[in-house]
Amino acid sequence: METKWIHFENLQEKEEILREAAGIIRQGGLVAFPTETVYGLGANALDEKAAKKIYAAKGRPSDNPLIVHISSVKELDELAVEVSHAGKKLAEAYWPGPLTLVFPKKPQVPDGTTGGLDTVAVRMPSDPLARKLIALAGVPIAAPSANRSGRPSPTTAEHVWQDMQGRIEMLLDGGSVGIGLESTIVDVTGQIPVLLRPGAVTMEMLESVVGHVEIDPAIQGPPKEGIRPKAPGMKYRHYAPRGELTLVEGEPGAVAEEINRLVKERQEEGRRVGVITTEETKNRYTGGIIRSIGERVHEETIAHNLFAVLREFDDLKVDYIYSESFSQENLGQAIMNRLVKAAGYHIIRV
Ligand code: TXA
Ligand code: MG
């Protein structure tokens with residue numbers, strides 16, 4: 001299959017191309033498109049065969065359910081049996097935006113979309129291009145992140161091209177995304193909302209709207225035997241860079257000293273090593289390929305650059321990556337969740 005990579009030149013052309021893309025979706029094909037979080041790989045959510053194509057293109061296990069994207073709140077009626085009070089309040093507060101809510105599903109949502117679950121995860125993206133595409137398609141769009149399974153989520157069209165070229169009909173290029181980490185997922189099927197994946201809508205933001213929110217244990221530590229994470233995707237080792245990633249935690253001076261020591265040790269073994277640091281601390285490092293991912297005082301810059309830096313280290317074929325770690329507050333919870341998983345829970349405390 002030949003993948004069409006579309007750069008938008010003017011608004012008139014945009015409308016025409018979005019119509020073509022919407023047609024592909026309606027006919028059961030695959031279109032990658034930008035959202036404010038990461039690029040998504042879209043298909044008609046109500047067409048079981050189309051959903052299956054997503055799993056094939058990604059190389060993703062088919063028990064891992066997809067997020068269904070809508071362009072207006074009324075489209076929720078055809079997906080969810082019931083919207084709880086908390087679900088309503090959270091949707092009102094943060095839709096359109098980087099928040100996915102899990103509801104009991106209606107029968108017309110195929111098992112191929114929900115991985116056989118009796119719930120459906122729904123999100124209304126704020127990216128205008130994404131919303132326009134969904135509205136023109138006239139059907140809800142199932143879209144996981146547009147990466148091959150196990151690779152970091154794509155935050156630019158180039159990332160999608162690397163992973164999906166030849167596997168999908170069309171790639172809509174909207175430039176670099178705004179946030180850079182996938183949406184927050186909250187299960188609102190029970191009495192108390194449960195956070196299943198942290199994202200740019202933070203715990204603090206959720207609790208300011210609905211009071212107490214529980215945290216799924218799968219977010220905090222390595223998978224424990226016998227405990228199933230409520231978001232099936234959380235059990236996979238996501239975002240795994242090709243190099244072995246280790247986080248180093250502690251006071252900045254001690255962290256830099258330990259990373260410098262480890263880098264030297266690996267280099268003496270003839271290995272290629274990458275270092276993930278920040279604007280505030282980058283001058284403390286003496287060896288390896290040093291990449292600053294942003295400013296600690298502006299944690300949204302760190303969220304925005306994290307996946308791109310992990311991909312860059314893949315391309316540079318580094319054998320080991322050592323990274324500073326971050327506070328767990330606000331957006332830090334999502335940043336650390338992705339980093340800790342990418343590291344396979346390998347953390348050194350100094
Ligand atoms: O920001 C995002 O959410 C991006 C963009 C494209 O919208 N999408 C995304 O999709 O990150 P994906 O497939 O990479 O991650 C979906 C996550 C998985 O961990 C999956 O297990 C969980 O959502 N999920 C989907 N349906 C669910 C359900 N019914 N109950 C619990 N978790 C669900
Ligand atoms: Mg993903």
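Just follow the structure's listing: the first ligand is 1, and inside any ligand the first atom is 1.
Each of the following atoms of ligand 1 lies closer than 4.0 Å to a heavy atom of Leu117: 28 (C), 29 (N), 30 (N). Close contacts between ligand 1 and Leu196 involve ligand atoms 31 (C) [criterion: under 4.0 Å to a heavy atom].
For Ser84 (side chain) and Val188 (main-chain N/O), a donor-acceptor pair under 3.5 Å exists by modelled atom type.
With a heavy-atom cut-off of 4.0 Å, Asp187 does not touch ligand 1 at all. Residue Thr114 does not touch ligand 1, judged by heavy-atom distances below 4.0 Å. Proximity of Leu66 to ligand 1, defined as any heavy-atom pair under 4.0 Å, is confined to the backbone N, CA, C and O atoms. Proximity of Arg123 to ligand 1, defined as any heavy-atom pair under 4.0 Å, is confined to the side chain (atoms from C-beta onward). Counting heavy atoms under 4.0 Å from ligand 1, residue Val102 touches it through the side chain alone.
Tested against Arg296 for a salt bridge (Lys or Arg N to Asp or Glu O under 4.0 Å), the candidates Glu329, Glu280, Glu324 yield a single pass: Glu324.
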I'd like a table of donor-acceptor pairs (distance under 3.5 Å, sequence neighbours excluded) in which one partner is a side-chain atom from residues 67-74, with atom names and distances.
| residue | atom | partner | partner atom | Å |
| --- | --- | --- | --- | --- |
| His69 | ND1 | Ile67 | O | 3.2 |
| His69 | ND1 | Ile141 | O | 3.2 |
| Ser71 | OG | Glu75 | OE2 | 2.5 |
| Ser72 | OG | Glu75 | OE2 | 3.1 |

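Applying the side-chain hydrogen bond (donor to acceptor under 3.5 Å, both in side chains) test to every pair with at least one member in residues 199-209, sequence neighbours left out, gives these pairs: Thr202-Glu204.
With Tyr55 as the aromatic partner, Arg60 does not meet the cation-pi criteria of under 6.0 angstrom to the ring centre and within 45 degrees of the ring axis.
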